[in-house]
Amino acid sequence: MEKKEVIRLENVYKSYWDGEQLLEVLKNVNVTIYEGEFVSIVAPSGSGKSTLLHIMGLLDKPTKGKVYLQGKDVLTLKDDELAHFRGKHIGFVFQSFNLIPELTALENVMLPMWIIGVPEEEAEIRAKQLLERVGLGHRLNFIPAKLSGGQKQRVAIARALANNPSIIFGDEPTGNLDEDTAKEILELFLELHRQGNTLVIVTHDMKVAKLAQRILTIKNKTVVEL
């Protein structure tokens, strides 16, 4: 059975101007992620892995090259179309959680659904189900300041799943957690993968990277498989 492609980067380059100097961060990157895969990207700080993640996650655009999500050339979309497409197809889990401090756990998970126009009642039902799924059904109405680091990351994972995305990205998702809590969060990611979710985790920790089916790294500004 042929594997279904979820995201593909084709001959991608990324450079920035730093004053009068042009800095090349990525060059000739070719990556394909398939449905149901668990892929890790492991590389040291400053190697371009966050830039790569942002391009794969449609938060940034390459200087040159093509980006396809579900077979669609996303760089042809207008900014508002791209934002809607990203909100529908991609979930993010960040190292710093990125929760809205004024919103409850429930409201934080409902937020991505509000953005793409899911009716309020439907969004609330799904958000409750997702929070129960990550073990936080008893913390629905707590704001982030009242939650532990591990609980915040669980809310972030539930939020990432809100719109049933094609692919979930984790940007150092255990980086701000103690060892025991990190293990719990990684087990949750593994469970998501066992349930059929497509995952890409960026990390500098080889122990975390080795949990994935495929490990990618960045060498000489391009992506290679380990």
Side-chain angles (χ1 to χ4, degrees), residues 4 6-7 33-40 53 56-59 69-70 83-177 180-202 208 211-213:
K4 183 182 176 185
V6 177
I7 195 160
I33 308 293
Y34 296 97
E35 186 176 58
E37 275 198 308
F38 182 5
V39 177
S40 62
L53 181 76
M56 292 176 76
L58 313 186
L59 293 172
L69 179 62
Q70 298 285 28
H84 189 273
F85 196 71
R86 181 177 63 237
K88 190 174 180 182
H89 291 283
I90 288 177
F92 274 101
V93 181
F94 297 96
Q95 178 177 352
S96 55
F97 318 128
N98 283 19
L99 301 177
I100 307 298
E102 298 82 12
L103 299 183
T104 64
L106 183 66
E107 291 165 339
N108 267 285
V109 178
M110 291 173 69
L111 186 59
M113 293 182 274
W114 288 337
I115 290 171
I116 67 166
V118 175
E120 182 86 9
E121 187 177 345
E122 184 182 334
E124 184 173 345
I125 290 169
R126 177 156 173 77
K128 285 179 178 177
Q129 290 171 340
L130 288 169
L131 285 165
E132 286 166 5
R133 183 174 168 187
V134 300
L136 286 180
H138 60 305
R139 290 286 189 270
L140 300 178
N141 297 312
F142 284 61
I143 60 171
K146 300 293 184 181
L147 300 173
S148 68
Q151 289 172 336
K152 289 176 188 174
Q153 199 59 298
R154 287 172 183 272
V155 174
I157 291 169
R159 180 185 59 188
L161 293 167
N163 291 325
N164 195 25
S166 307
I167 188 166
I168 301 164
F169 290 101
D171 188 1
E172 300 278 7
T174 59
N176 279 342
L177 305 175
D180 289 342
T181 306
K183 285 179 182 176
E184 291 177 9
I185 295 301
L186 287 171
E187 181 52 45
L188 185 50
F189 272 105
L190 288 169
E191 180 59 28
L192 292 174
H193 178 240
R194 287 191 287 269
Q195 292 169 359
N197 290 282
T198 307
L199 306 178
V200 177
I201 289 183
V202 170
V208 174
L211 296 172
Q213 295 167 300

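We number each residue from 1, following the sequence as shown. All values below come from the heavy atoms of this structure, side chains included, with hydrogens, waters and symmetry mates left out.
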* Other residues, nucleotides, ligands: >12 heavy atoms within 6.0 Å of Q195 CD -> yes
* Asked: Just by modelled atom types, is the A162 backbone N or O under 3.5 Å from a matching donor or acceptor in the R126 side chain?
  -> yes
* Is there a side-chain contact between R133 and L188 (heavy atoms, below 4.5 Å)? -> no
* Could you tell me whether the side chain of Q151 and the main chain of S148 form a donor-acceptor pair under 3.5 Å? => yes
* Electrostatic pair K128-E124, nearest N-O below 4.0 angstrom -> yes
* Nearest atoms (heavy-atom pairs only) where A160 meets P165 -> O-CG, 3.2 Å
* Calculate, to the nearest 0.5 Å, the distance between atoms NZ and CD belonging to K4 and Q70 respectively. => 4.5 Å
* To do: Using the side chain to side chain contact (heavy atoms under 4.5 Å, CB included) rule, take E102 and I143 through it: C-alpha gap first, then chi angles, then the decisive distance, then the call.
  => CA-CA 7 Å; E102 298 82 12; I143 60 171; over 6 Å; no
* Structure fact -> The reported gap from CD in E184 to CG in L186 (rounded to nearest 0.5 angstrom) is 10.5 Å
* Structure fact -> Closest heavy-atom pair, A158 versus L131, reported as atoms and distance to 0.1 Å, is CB-CD2, 4.1 Å
* Can you tell me how far OH of Y34 sits from OG1 of T198, rounded to the nearest 0.5 angstrom? -> 12.5 Å
* Asked: Hey, are the side chains of F142 and V155 touching, using non-hydrogen atoms and a 4.5 Å cut-off?
  -> no
* Contact summary for F189 and P173, nearest pair of heavy atoms -> CE1-CB, 3.8 Å
* **L161 side chain near L192 side chain, heavy-atom distance below 4.5 Å** => yes
* To do: Would you check if the side chain of R159 reaches a backbone N or O of N108 as a donor-acceptor pair within less than 3.5 Å?
  => no
* To do: Would you confirm whether T174, through its side chain, and A182, through its main-chain N or O, come within 3.5 Å as a donor-acceptor pair?
  => no
* Could you give the distance from CD (E37) to CG (L199), rounded to the nearest 0.5 Å? -> 10.5 Å
* To do: Could you point out which residue of L177, L136, L99 forms a side-chain contact (heavy atoms from CB on, under 4.5 Å) with K152?
  => L99
* To do: Indicate yes or no for a side-chain donor-acceptor contact from Q153 to the backbone of F94 under 3.5 Å, with no hydrogens or angles considered.
  => yes
* Please report the C-alpha distance between W114 and E107 in whole Å, then the side-chain angles of each, then the deciding distance to 0.1 Å, and finally whether the side chain to side chain donor-acceptor pair (under 3.5 Å) criterion is met. => CA-CA 10 Å; W114 288 337; E107 291 165 339; over 6 Å; no
* **Spacing of N197 atom CG and E35 atom CD [to the nearest 0.5 Å]** => 10.0 Å
* State whether the side chain of E172 and the backbone N or O of Q95 hold a donor-acceptor pair below 3.5 Å, judged by distance alone. => no
* So does R139 pair up with E132, basic N to acidic O under 4.0 Å? -> no
* Asked: Is the closest side-chain heavy-atom distance between I33 and I167 below 4.5 Å?
  -> yes
* Could you tell me how the ring of F92 sits relative to the ring of F169: parallel (under 30°), tilted (30 to 60°) or perpendicular (over 60°)? => parallel
* Would you check, one step at a time, whether the test side chain to side chain contact (heavy atoms under 4.5 Å, CB included) holds for M113 with E120? => CA-CA 8 Å; M113 293 182 274; E120 182 86 9; over 6 Å; no
* Check whether the ring centres of F85 and H89 lie less than 6.0 Å apart, and answer yes or no. => yes
* **I90 vs L69, side chain to side chain contact (heavy atoms under 4.5 Å, CB included): CA-CA, chis, key distance, verdict** => CA-CA 9 Å; I90 288 177; L69 179 62; 4.1 Å; yes
* Structure fact -> Distance col, row L106:CG vs L111:CG, nearest 0.5 angstrom, shows 11.5 Å
* Run the side chain to side chain contact (heavy atoms under 4.5 Å, CB included) check on D171 and V93 step by step: do they pass? -> CA-CA 6 Å; D171 188 1; V93 181; over 6 Å; no
